[in-house]
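Proteins get letters first, then strands, A, B, ... in listed order; numbering begins at 1 in each. Bear in mind the structure is a predicted one, so any value in this text is a computation, not a measurement.
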Amino acid sequence: MKLTILYFAWLRERIGQPRETLETGATTVADLVEELRAREERYALAFSDLRAVRVALDQELADFDAPLDGVREVAFFPPMTGG
Amino acid sequence: MKLTILYFAWLRERIGQPRETLETGATTVADLVEELRAREERYALAFSDLRAVRVALDQELADFDAPLDGVREVAFFPPMTGG
Amino acid sequence: MRIRVQPEPFDYGAEAGAFAHGAQGAGAVVSFAGIVRDRPGGGLMRLEIEHYPGMTEKALAAMADTARDRWNLTDAMILHRHGAMAPGEAIMMVATAAPHRADAFAAAEFLMDYLKSCAPFWKKEITAEGADWVAATEADEDALSRW
Amino acid sequence: MRIRVQPEPFDYGAEAGAFAHGAQGAGAVVSFAGIVRDRPGGGLMRLEIEHYPGMTEKALAAMADTARDRWNLTDAMILHRHGAMAPGEAIMMVATAAPHRADAFAAAEFLMDYLKSCAPFWKKEITAEGADWVAATEADEDALSRW
């Protein structure tokens with residue numbers, strides 16, 4: 001499965017890029033996070049405290065146990081601070 | 001005691017004048033209302049249901065049992081409908 | 001803090017913009033406008049508002065003072081018209097400015113609730129059939145109990 | 001219903017005025033503006049807002065739809081900037097129009113609470129010392145529980 005992964009705000013800065021594409025067999029968001037963490041230190045750091053991370057699947061807010069079936073775009077970002 | 005009495009909205013219309021001055025011995029608003037009611041039919045009609053009448057003494061909202069000591073201006077009007 | 005009572009129409013956008021522009025140190029500005037609405041069945045020709053000169057300004061200033069005591073506001077304004085106005089025209093507005101939005105919203109709602117029931121204005125609706133004084137609603141008087 | 005997301009500054013007064021003017025059948029219009037505030041100790045040079053193009057517009061439209069389902073509104077608008085802005089500039093606004101004021105106020109507060117915690121915007125404060133991402137507050141996330 002090929003995913004586009006987006007990062008925003010300090011997650012983008014820690015990981016050092018705004019987006020990437022990834023070929024993965026992960027079945028849930030949590031699996032995907034484990035896979036990313038294992039790749040490089042910058043990912044492990046960015047995802048060190050998941051309470052400070054939010055996720056959207058195809059531009060809808062989701063939970064970490066949500067399945068990735070049919071998903072094309074995953075976005076990770078900190079809690080939102082608009083308004 | 002000489003009072004200026006003001007009427008607003010439908011109280012003004014029923015009584016037929018916006019203001020009058022009155023020499024009275026009434027000691028409370030309720031006494032004053034009794035005195036007015038006894039004067040003429042138009043006053044009796046205007047003050048027939050006191051639940052629909054509000055009163056201000058010297059431009060501050062007051063109750064019907066408020067004393068008139070030192071008061072110079074009494075205003076009668078229906079519940080307010082601004083905004 | 002600004003209180004204005006006037007017969008002239010006013011421009012809600014211009015007033016709200018000037019208020020926000022002058023709100024030093026505010027992070028949140030809330031503005032409210034009351035607009036003359038037609039009657040449910042239509043036919044409103046105009047609205048006429050009577051008021052009690054002297055008491056009106058005092059009552060509005062007292063409300064604004066209470067709002068500034070109860071919430072952390074940097075500014076507040078109340079503007080209310082009297083006299084004749086047409087459907088679609090603005091009757092009145094309030095605006096509040098605060099460091100945080102919760103204060104600005106609460107104070108604006110408080111001002112509106114008090115203004116509805118405690119400021120000496122009376123509305124009369126003029127239609128082709130005649131003129132009717134608008135009745136106060138229980139909901140408006142009940143709204144005060146929440147503050 | 002209007003949703004706008006843009007980097008350009010906007011004129012709160014002009015937007016609020018145009019919204020109120022176009023609000024057919026409304027008796028109540030509530031407008032809210034969020035303004036860039038300096039930091040408590042001063043020194044804010046500018047605020048930068050990052051957002052998630054595509055998701056932002058969807059999230060705002062979904063909130064406005066929910067507000068129109070829950071309250072009796074005649075219209076609603078949300079306008080939010082992204083990019084760089086200076087202290088004193090307007091960051092965003094919401095406006096609601098309704099036959100009655102309670103609906104207009106509740107919907108505007110609902111939109112603000114949801115916008116704060118559920119629309120993908122992130123604020124960064126730039127001072128002479130550097131840049132800090134603004135932390136979300138618990139109060140903001142807690143505010144959602146009242147709806």
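Environment of CZ in R42(B): crowded, with over 12 heavy atoms of neighbouring residues, nucleotides or ligands closer than 6.0 Å. Environment of CZ in R70(C): crowded, with over 12 heavy atoms of neighbouring residues, nucleotides or ligands closer than 6.0 Å. Atom CD of Q17(B) has more than 12 neighbouring heavy atoms from other residues, nucleotides or ligands inside a 6.0 Å radius.
The two residues Y7(B) and E50(C) make their nearest non-hydrogen contact at O-OE2, 4.4 Å. The heavy-atom pair separating V134(C) from T81(B) by the smallest distance is O-CG2, 3.4 Å.
For the pair W122(C) (side chain) and P78(B) (backbone), a donor-acceptor distance under 3.5 Å is present. A donor-acceptor pair under 3.5 Å links the side-chain atoms of H80(C) to the main chain of G83(B), judged by distance alone.
Here the CE-CG distance, from M55(C) to L61(B), works out to 4.0 Å after rounding to the nearest 0.5 Å.
Contact of P18(B) with chain C is not made at all, since no heavy-atom distance falls under 4.5 Å. For I91(C), the part lying under 4.5 angstrom from a heavy atom of chain B is the side chain only. When heavy atoms are compared at a cutoff of 4.5 Å, A135(C) approaches chain B solely by way of its backbone atoms N, CA, C and O. Neither the backbone nor the side chain of H82(C) has a heavy atom closer than 4.5 Å to any heavy atom of chain B. Interface residue A9(B): backbone and side-chain heavy atoms are both found under 4.5 Å from chain C. At a 4.5 Å heavy-atom cutoff, the contact between K58(C) and chain B is made by side-chain atoms alone. For chain B, the nearby part of M92(C) is the side chain; its heavy atoms alone come within less than 4.5 Å.
Per-residue heavy-atom pair counts under 4.5 Å with chain C were compared for A75(B), G82(B), A56(B), and the maximum is reached by G82(B).
Under the 30°/60° scheme for interplanar angles, the aromatic rings of Y52(C) and F77(B) are found to stand perpendicular.
Applying the ring pair (Phe, Tyr, Trp, His ring centres under 6.0 Å) rule to F19(C) yields no partners; only residues at least two apart in sequence or on another chain are considered.
Two residues are said to be in side-chain contact when any heavy atoms from C-beta on lie closer than 4.5 Å; M80(B) and S117(C) fail this criterion. A 4.5 Å side-chain heavy-atom check between E13(B) and K124(C) finds at least one atom pair inside the cut-off.
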